[in-house]
J.: 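Could you have a look at this structure, given as structure tokens, before my questions?
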Amino acid sequence: MSAEAPLLAVENLRTEFYTDKETVRAVDDVNFRIERGETLGIVGESGSGKSVTARSIMGLVESPGNVLPESSIRLDGEELTEKSESEYRGIRGSEVTMVFQDPLTSLNPVYTVGNQLKETLRLHRDLDGQTLTDTAIGLLEDVGIPDAARRISEYPHEFSGGMQQRAVIALALACDPELLICDEPTTALDVTIQAQILELLAEIQVERDIGIMFITHDMGVIAEVADRVAVMYAGEIVESAPVRSLYSDPAHPYTNGLLDSIPGNQPGGRELTTIEGEVPIPNGAATHCRFAPRCPKAFEECYELAPEPLPTTAGKDDHTAACLLFPEDMKREDAVDEHRAANTEGTDE
Amino acid sequence: MATTVETTFRERLTRQPGPATKWLGVLLVLVALQFGAVMQTIMSTVPWGTIGGALPATAPWAALAGVGDALADLPTLLARDVIPNQGYQVPGEGWQGTFMGLSPAAAWGIRVSLVYLYSFGFVGWLGYGYLVFRRHYRAADWTPYDDMLGRLDGHRWGQFGLVVVLMFIVMALFAPTLGPTTVQSNIAEPFSHELQYFDENAGEVTTILVGEANLQSVSKGGGGRNVGPMQYDRYDRFHPFGTLPSGKDLFTFMVAGARVSLFIGLLYISLAAGLAVVLALVTAYYKGLADLTVVIAGDSVQALPQLLVLILLSFVLSDTWIAGIYNGGLLLALIFAITGWPYLWRAVRGPALQVSNEEWIDAAKSFGQRPVTTMRKHMLPYVVGYLLIYASLSLGGAIIGVAGLSFLGLGVNPPTPEWGRAVSAGQPYVATASWHISLIPGIMVVIIVTAFNALGDGIRDAVDPQSEAGSNEVAAGGGGA
Amino acid sequence: MTRWRYFARRLVLSIPILIFGTTATFWIIRAGPIDPAAAIIGPDGDQQAYQRIRDQLGLDEPLWQQYIDYMVGMFTGDFGQSWVLNPDTSTIVLLQQYAPRTMWLGFWSVLIALFIGIPLGFYAGLNPNSWSDYVASFGGIVWRAMPNFWLAVILVSLLSQSQQLFGFSWQEWIVNVNVVTAPPLDNLGDPQELLRAIKWTLPAAIVLGSSSMGNEMRIGRTAVLETKNSNYVEAAKARGIPGRSLVWKHVFRNALVPLVPIITGEAFLLIGGSVLVETVFAINGLGYLFFDATINGDLPLVGTLMFVFILLIVIINIVQDLMYTLIDPRVGYEGGDS
Ligand code: SF4
């Protein structure tokens, strides 16, 4: 465990799904890192590959899906892609765990919340007897469930939606993970509760100094929770930036589209824009910009060359965009050449 | 292709008549092929007076049965006498009286193939018509039904079910054409019909009563007393499935039995489904006491062991006038419907309740739309798919149930062919050379019931891809027969 | 607790169901066209004897009077006497004579279906698209579609002639038994006799349990498959719950829920199927008795048997609700499933 290594480093992540008719490349060459105490937000529409990215990290991609061998996922410097299923099981839960979108269905309906909590605690912390119960109640209190001693023996369906998600978070905390992946954890909840859960997550992060990967389609939520943001489109990260920089200075046309579709975010009372069209289903390596058919700024080269993530302006390494219009301080032809160069470099690897 | 201006179907048709004309052209060819038979059928159906005047008290029923019989006789399109398969072989001269002098087996095979080709051509024509309509004439570019059909597209299991079910229906519809002989001459009144064969001892063509001939072609185990599948008997009659212990033709018996089973099954399903849908819609709309009443009624009916009630009722009512209609088929269908509706009702109650909670139902209520209209226009379409699933499953169950009853000697009156009776007749010979008598009907039941189940599965996956196989299915399985 | 309230509600609802079922039976047998007096004396009884029997049975009393007597009789355990099959024998005595064989048969058929159907189905669900899955799925489909009576006919014939057909004698294998007729059940304490009785019953039990077994395989398979892919199992995986407790704790118990009605539904199939299976296997049990009583017009016997069957089904329904209530805590919540 080197002190230098980031908590999570994902490189060249490619995940494919095989159907009868075709091979779908759900995640295509994704790179990012998460530090301790940092929240990385991943935004994108449904079908953009965010959830598959999360599942790839969790080792939960099942056949007909497959994480391609050139991918690398390092947690605390440890390579996960080479782990066997049983080794992975030791990592899931204890080092990285996940909170899912729908709290009700992520709890087993036939067991009490306490039962499931204790099961997890027993597994990861080796507790039993009264200490086990006390720790479980303590965890429920930590996530802000009132009257925890009584509610611990209730069933999931007896909890309200917000309480259910708190219970799910308590379950995740029972594992005592280093990295917490949240896959749209607030989408199924209403706005006030959503805010409470986000607050809770922030508190937990400060208290426990864990890394959080927060997946959502909601730009508004991202602004509240994330330190850095990666925007995904059709299996690729099209823009990556610190949260401020992204909002103040969005680069990629897709990001602009997403920002415009936040209600109340339109300059001068413009109407809410939604991006026309759907996310395409990629079935192989990109040959052109995948956003081109929907892009308002698309030009000829966009259909011939796949853009690479490059700094939006020269030297600004923490804000990258995969768009032929960037780096913006270059002439268009030069920028395109830059991408072409990066492209051949990529294929040589 | 979004049409912004509302146009009527007629306008769309006149604007682009090409595809529709082509489609109708195919129909003309299909009809022309069978024109003689169609005319003949129309002519023979005309004397209605005899039916009307027969029984005043039971006239509606008799008329119903009459219409049923007439309808059943209608599709004798590919007439037997066009491709006759009954004849005799004179040494040195080949086959006499068969189609083009072919062997009876070949002539029969040709006729069966033609019937199926024609039928599948017809089904294909219907499907093609729907596609033409969808592409050229439908106002909406897309309806939810397109997605349902799309889901059936890759559903091999459901397609298998559909094809086998269609084959079964064709078998029932064309029963008189498909058999190597007819029910009338071979099974019902063999002693009033004759046949000719070449008598080797006498060296000449001799005439004999069918009944007498049957006695010489029995299947009762081995030792020369067996006519197995795909064999000729000594009167040059071809038996695709062999003969019964009574010497009657098993294939003719089977196809006629298919018609009886299908008639009972369909009538039962229509009655039960009608009742189930009405009750489900009404209770979902009004809820409360209405719902509770039907729940209790349904549970009560389900607490009666279905097969035992069937046995009891078909015995108790066996001497009444109603048991005489369609050889007891109507009675069976009624009993099935009375005891079977709760299964279908349960299947649609959930979806009906679900849709009744939707906002547009409340909206319709608040507009003052009449309840019946709301139910029909907004709730019914949603429920129908679910009904079809269980209808398909229950049909399989009914086929097993009817066969089970006739196996016990109840239900359909002899000598009307029913598959269960063949199983019963062949019971002593299962382990002998005459194994075919029990085995073939049983295997047919298994195949057809499996097909109905598969079709039900297919419809389920098309209608509601998320749903899982339900518990309700058990009950749809024929009550333990 | 809502779920016990739900259970209580179901309990109360079973009373009108029982009453309705019994009433329906009464109307079918008494108000139908069958004349019990004629059935008793047979075709050549004289008019006086006929009238005497009608008086004796109270058949000339108004129908509602008869109905009340019948209902009171049934619910107070006074089932009356057989009229035709075994005149002047209490139907209870007949029940006691015939029931054990049916119960023995039913017991084994349930056992076979449960212990073969569910494990196979679960196994197939855990290993989808494997050979065992195909076997279980296909088996489930075919078993379900096979008519009991036909299967019984085939099995009886094959077993009785197993010597000629396969060169293996089923009758003499391990212990000597018949293929048809009921096994003697009076000496089950003796291991040899017990074995004989089991082997004797097995073929009929397999037939009777066949469709349930098919259902259990199929539903068990889909249930496991669904549960396995459910969110909470994935969530449990994400918490690092090891495979074994994942399967045993999180998959199986949930997968049992949709199986509950299948298991209890077996009772329906048993009651209906016993008539045909007992007829083919020549087992003089309740199903056989019912059939015999029906075709001989022995109305009190038919009525009693029907009542017993309905009672049985109602009890099984209650057991089913109890099982639901125990396995699935969501029962009765927000209206639940009624
Ligand atoms: S590369 Fe071209 S098409 Fe793609 S986002 Fe940039 S401008 Fe649009």
Side-chain angles (χ1 to χ4, degrees), chain B residues 295-297 299-313 315-317 319-320 350 396 400 403-404 407-410 420 423-424 426-432 435 438-439 441-442 445-454 468-475 477-481, chain C residues 13 16-18 20-21 24-25 28-29 32-34 141-142 144-151 153-154 156-158 160-161 164-165 208 211-212 215 218-219 222-223 226 258 260-262 265-266 268-276 279-280 290-291 294-295 302 306 309-310 313-314 317 338:
Chain B
V295 167
I296 293 179
D299 279 0
S300 305
V301 173
Q302 280 186 307
L304 299 169
Q306 193 185 18
L307 193 71
L308 300 198
V309 176
L310 274 166
I311 291 174
L312 190 56
L313 274 175
F315 176 76
V316 167
L317 300 175
D319 288 331
T320 55
I400 293 186
F407 176 80
L408 287 174
L410 294 168
V423 175
S424 164
Q427 191 176 352
Y429 313 111
V430 174
T432 70
W435 51 267
S438 280
L439 219 57
V445 170
V446 175
I447 292 174
I448 284 155
V449 172
T450 304
F452 273 112
N453 290 345
E468 50 189 295
S471 52
N472 220 307
E473 286 174 28
V474 195
Chain C
L13 273 183
I17 290 168
L18 196 58
F20 176 90
T25 314
I28 292 173
I29 59 182
I34 286 194
I141 287 159
V142 173
R144 229 156 67 95
M146 242 190 269
N148 275 341
F149 68 92
W150 178 70
L151 194 59
V153 164
I154 304 296
V156 164
S157 309
L158 293 187
S160 0
Q161 322 226 4
Q164 295 96 298
L165 290 172
L208 200 49
S211 59
S212 308
N215 280 323
R218 243 173 62 93
I219 309 284
T222 22
E226 296 244 332
V260 168
I262 312 287
E266 234 182 280
F268 291 78
L269 301 178
L270 284 184
I271 291 171
S274 64
V275 176
L276 287 147
T279 308
V280 178
F290 177 85
F291 184 61
T294 305
I295 58 174
V302 173
M306 262 306 208
F309 288 143
I310 295 169
I313 290 177
V314 168
N317 274 336
S338 53

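Note that this is a predicted model, so its numbers are computed, not measured. Just so we're on the same page: letters track the sequence lines, and every chain starts at 1.
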J.: Please state whether the side chain, the backbone, both or neither of C/I295 comes within less than 4.5 Å of a heavy atom of chain B.
T.: both

J.: Under 4.5 Å from any heavy atom of chain B, what part of C/T294 do you find: side chain, backbone, both or neither?
T.: both

J.: Within this structure, what is the CG-OG distance for the pair B/L308 and C/S274, rounded to the nearest 0.5 Å?
T.: 6.5 Å

J.: Top residue by heavy-atom pair count (under 4.5 Å) with chain C, among B/G442, B/A454, B/G350?
T.: B/G442

J.: For chain C, which candidate among B/L312, B/L317, B/T450 shows the most heavy-atom pairs at distances under 4.5 Å?
T.: B/L312

J.: Roughly how far apart are C/W150 CH2 and B/L439 CG, rounded to 0.5 Å?
T.: 5.5 Å

J.: For B/I448, is it the side chain, the backbone, both or neither that has a heavy atom under 4.5 Å from a heavy atom of chain C?
T.: neither

J.: Taking B/L313, B/V309, B/L304, B/V316 one by one, which has the highest count of heavy-atom pairs under 4.5 Å against chain C?
T.: B/V316

J.: To the closest 0.5 Å, what do you measure between CH2 (B/W435) and CG (C/L158)?
T.: 12.5 Å

J.: Please enumerate all residues that pass side-chain contact (heavy atoms from CB on, under 4.5 Å) together with B/S300, with sequence neighbours excluded.
T.: B/I296, C/I17, C/F20

J.: How far apart are the closest heavy atoms of B/P305 and C/F309, and which atoms are they?
T.: CG-CB, 4.0 Å

J.: Please name the residue in the list B/V449, B/V445, B/V423 that meets the side chain to side chain contact (heavy atoms under 4.5 Å, CB included) test with C/P147.
T.: B/V445

J.: Under a 4.5 Å heavy-atom cutoff, which of B/I447, B/N453, B/L410 has the most pairs with chain C?
T.: B/N453

J.: Could you check whether any side-chain heavy atom of C/V280 comes within less than 4.5 Å of a side-chain heavy atom of B/Q427, counting everything from C-beta outward?
T.: yes

J.: Search all heavy atoms of B/A303 against all heavy atoms of C/V314 and return the closest pair with its distance.
T.: CB-CG2, 4.4 Å

J.: Applying side-chain contact (heavy atoms from CB on, under 4.5 Å), can you list everything that pairs with B/T432, at least two apart in sequence or on another chain?
T.: B/Y429, B/S434

